[in-house]
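For this chain, numbers begin at 1 and follow the sequence in order. Just so you know, these numbers come straight off a predicted model, no measurement behind them. Hydrogens, waters and symmetry mates play no part in the numbers below; they use all other heavy atoms, side chains included.
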Amino acid sequence: MSKLAVAVLASVGLVGGSALAWLPEESEFDRLLRLSREGAAVVRPQAAKRLVSLGPPAAEGLVRWIQEADNPLSDLGPEVMGVLPDFGDPRLRALSWKAVDDPDFPWRPAAVLGLARSATPKEANRFVEALEDPIAKVREPAILALERLEHREALDSLRSCLEDPDDRVRRNAAKVLTNWGEPCAVTWLVEELKRDDSWFGRETGKLARYQSLKILENELATGRRTFGFEAELPWNAPDNALAATEIEAFLLDLCPDPPPLPLVARATGFLEGNVLGLEIRSCRKGEFFLRWNEKDLFSVGRGNPTRFELPEGTVARLMHEASRVLSTLEDRKVWGEPGCDSEQLFYWPRSVDRASVYRISKGQAIVEGLRPPALGHLFSLMAATVPESGTGRLVGLASQVRAALQAVGGDLPED
């Protein structure tokens, strides 16, 4: 009889306590490692930190566990991967870099973030290389590592990050550049305060305002002032009028000739007519935010997305097929279990007040048959309209989208 079976029987009174006496006591290391990997979402990070507090014996235990496990590093999970460098053990640090260097490893962002907290000068060039990673959650902690190292040889690379399609990367790059003597980078942070965009009901512009204001207030060596700006309200709200004027004057005092912003960094508001959306989050392939507009426009990204024109009638045909497909799902809208892989379809006919959301999600392991065939058919049609051409990180966009969809829900049918 397994330990679990005996414990369950004991909990319901079918086995006496004496029957459990033979079970070995779980060590504190084993308990914390188990909770770090299998506990509730709120428990795992706390357990991982306590695991580090056990010091060298825990590091030895992790090395042994990794050597004995069939699929060692990925089985550790993101919370443990994120604290491996905190042990100060060179073997665990080397394993973290091994994970980062493997493009198919699911917890690369956690590994980079852990390494960034204790970045060493000899690793500086590796973090510079990480600024070119296809996953934004790898690029972002790489910036923090370079900031910690004061690695000013990376200035050109950080300037390039101001054109990154991900707003988190742009904000962190602007912060570091400002603190490293380039005050005109504050222009990017002030522009974020002007955002009022949304993603199918999610107030992405408001979130950007809060995060930019936090940097202006707490993390810049430029005065640490917010002038009473209320991030809850849009830039042009009457209650923000005085603060907006003072912030603009503050910016001009720092940077008398503000540079022109790249299109991706310019503030934008709500765009009418977005009727279909596909949000893909893959722990291996990154994040994609795709929208189809009734004016036959396709856009990729949040904030001020990159837009492409589609052939006339494309979106109307997609909406017709979406209506047919979704009617076959019998009101079901969720498949799988929460995890680092997810696909979310947003369906928003203009005749209704809000989008319907259909979500497929899982952990890092492959789950056969997870995506309903009907949604696979619809996703295949949508993916077929994604442009292949683009510039920068959008080169080969259609192939990138199909690879991300495959990583999450499996192969798409050939429609």
Q: Side chains of Asp197 and Thr268: is there a donor and an acceptor less than 3.5 Å apart?
A: no

Q: Could you pull out all residues at least two apart from Pro183 that satisfy side chain to side chain contact (heavy atoms under 4.5 Å, CB included)?
A: Leu254

Q: With salt bridge (Lys or Arg N to Asp or Glu O under 4.0 Å) as the rule and sequence neighbours excluded, what pairs involving residues 355-378 come up?
A: Asp341-Lys362, Glu343-Arg371

Q: Not counting sequence neighbours, which residues clear side chain to side chain contact (heavy atoms under 4.5 Å, CB included) with Ala384? List them please.
A: none

Q: Please say which of Asp102, Leu115, Val112 ends up in a side-chain contact (heavy atoms from CB on, under 4.5 Å) with Trp97.
A: Leu115

Q: Quick one: pull up CG in Leu216 and CG in Leu193 and give me the separation to the nearest 0.5 Å.
A: 5.5 Å

Q: Take Arg202 and Glu279 through the salt bridge (charged side-chain N to carboxylate O under 4.0 Å, His left out) test and state the conclusion after the steps.
A: CA-CA 12 Å; Arg202 299 179 192 168; Glu279 176 183 310; 2.7 Å; yes

Q: Glu153: which residues meet the side chain to side chain contact (heavy atoms under 4.5 Å, CB included) condition with it, sequence neighbours left out?
A: His151

Q: Answer yes or no: is there an ion pair linking Glu123 with Arg93, defined by an N-O contact shorter than 4.0 Å?
A: yes

Q: Using the salt bridge (Lys or Arg N to Asp or Glu O under 4.0 Å) rule, collect all pairs that involve residues 203-215, keeping only residues at least two apart or in two chains.
A: Asp196-Arg209, Glu203-Lys206, Lys206-Glu232

Q: Counting only pairs under 3.5 Å, give me each side-chain donor-acceptor contact of residues 130-144, with atom names and distances, residues two or more places apart or in other chains.
A:
from	atom 1	to	atom 2	distance (Å)
Asp133	OD1	Arg108	NH1	3.4
Asp133	OD1	Arg108	NH2	2.4
Asp133	OD2	Arg108	NH1	3.3
Asp133	OD2	Ile135	N	2.9
Arg139	NE	Asp164	OD2	2.8
Arg139	NH1	Asp133	O	2.8
Arg139	NH1	Pro134	O	3.3
Arg139	NH2	Asp164	OD1	2.8
Arg139	NH2	Asp164	OD2	3.3
Glu140	OE2	Asn172	ND2	3.3

Q: If you look only at pairs with a residue in residues 327-337, which of them pass as a salt bridge (Lys or Arg N to Asp or Glu O under 4.0 Å), with sequence neighbours excluded?
A: none

Q: How close do Leu54 and Phe29 get, counting heavy atoms only, and between which atoms?
A: CD1-CA, 3.9 Å

Q: Who pairs with Trp199 by ring pair (Phe, Tyr, Trp, His ring centres under 6.0 Å), at least two apart in sequence or on another chain?
A: Phe289, Phe346

Q: Can you give me the closest heavy-atom contact between Ala243 and Gly228, atom names plus distance?
A: CB-C, 4.0 Å

Q: Please list all pairs meeting ring pair (Phe, Tyr, Trp, His ring centres under 6.0 Å) that have one or both residues in residues 154-196, counting only residues at least two apart or in different chains.
A: none

Q: Quick one: does any side-chain atom of Asp296 pair with a main-chain N or O of Thr314 as donor and acceptor, under 3.5 Å?
A: yes

Q: Using side chain to side chain contact (heavy atoms under 4.5 Å, CB included), reason through Val300 and Leu397 one step at a time and then give a plain yes or no.
A: CA-CA 9 Å; Val300 54; Leu397 177 62; 4.1 Å; yes

Q: Start with the C-alpha distance between Glu191 and Arg266, add both sets of side-chain angles, then the distance that settles side chain to side chain contact (heavy atoms under 4.5 Å, CB included), and finish with yes or no.
A: CA-CA 7 Å; Glu191 187 74 7; Arg266 296 176 195 171; 4.0 Å; yes

Q: Between Gly303 and Arg195, which heavy-atom pair has the shortest distance, and what is it?
A: CA-NH2, 3.5 Å

Q: At their closest point, which heavy atom of Ala119 faces which heavy atom of Ala145, and how far apart are they?
A: CB-CB, 4.0 Å

Q: Under a 3.5 Å distance rule, please check whether Arg148 uses its side chain to pair with a backbone N or O of Ala116 as donor and acceptor.
A: yes

Q: Looking at every non-hydrogen atom in both residues, tell me the closest pair between Leu32 and Ser36 and how far apart they are.
A: O-OG, 2.7 Å

Q: Run Arg31 and Glu28 through salt bridge (charged side-chain N to carboxylate O under 4.0 Å, His left out) and show every step you take.
A: CA-CA 5 Å; Arg31 185 181 76 85; Glu28 182 69 354; 3.1 Å; yes

Q: Assess whether a salt bridge exists between Asp156 and Arg159, defined as any Lys/Arg side-chain N lying under 4.0 Å from an Asp/Glu carboxylate O.
A: yes

Q: Under a 3.5 Å threshold, yes or no: a donor from one side chain and an acceptor from the other, between Arg281 and Gln344?
A: no

Q: Taking the side chain from Asn240 and the backbone from Phe229, do they hold a donor-acceptor pair closer than 3.5 Å?
A: no

Q: Taking the basic N atoms (NZ, or NE/NH1/NH2) and the acidic carboxylate oxygens, is any pair closer than 4.0 Å for Glu321 and Arg324?
A: yes

Q: List for me each residue that meets side chain to side chain donor-acceptor pair (under 3.5 Å) alongside Gln406, sequence neighbours excluded, and say none if there are none.
A: Asp411

Q: Run the ring-centre check on Trp348 versus Tyr358 and record whether the distance is less than 6.0 Å.
A: no

Q: For a quick test of reading the model, state the closest non-hydrogen atom pair linking Leu375 to Leu345 and the distance between them.
A: CD2-CD2, 4.0 Å

Q: For the CG atom on Leu263, are there more than 12 heavy atoms of other groups (residues, nucleotides or ligands in this structure) within a distance under 6.0 Å?
A: yes

Q: Does Arg50 CZ have over 12 foreign heavy atoms under 6.0 Å away?
A: no

Q: Output all residues satisfying side chain to side chain contact (heavy atoms under 4.5 Å, CB included) with Val52, sequence neighbours left out; order by chain, then residue number.
A: Val83, Asp86, Phe87

Q: Does atom CD of Glu309 have more than 12 heavy-atom neighbours, drawn from other residues, nucleotides or ligands, at distances under 6.0 Å?
A: no

Q: Looking only at atom types and distance, does a side-chain atom of Thr385 sit under 3.5 Å from a main-chain N or O of Met382, one as donor and one as acceptor?
A: yes

Q: Could you tell me which residues satisfy ring pair (Phe, Tyr, Trp, His ring centres under 6.0 Å) with Trp292, sequence neighbours excluded, listed by chain and number?
A: Phe298

Q: Could you walk me through whether Trp65 and Asp75 satisfy the side chain to side chain contact (heavy atoms under 4.5 Å, CB included) test, starting with their C-alpha distance in whole Å, then the side-chain angles of each, then the deciding distance to 0.1 Å, before giving a yes or no?
A: CA-CA 10 Å; Trp65 190 93; Asp75 277 0; 3.7 Å; yes

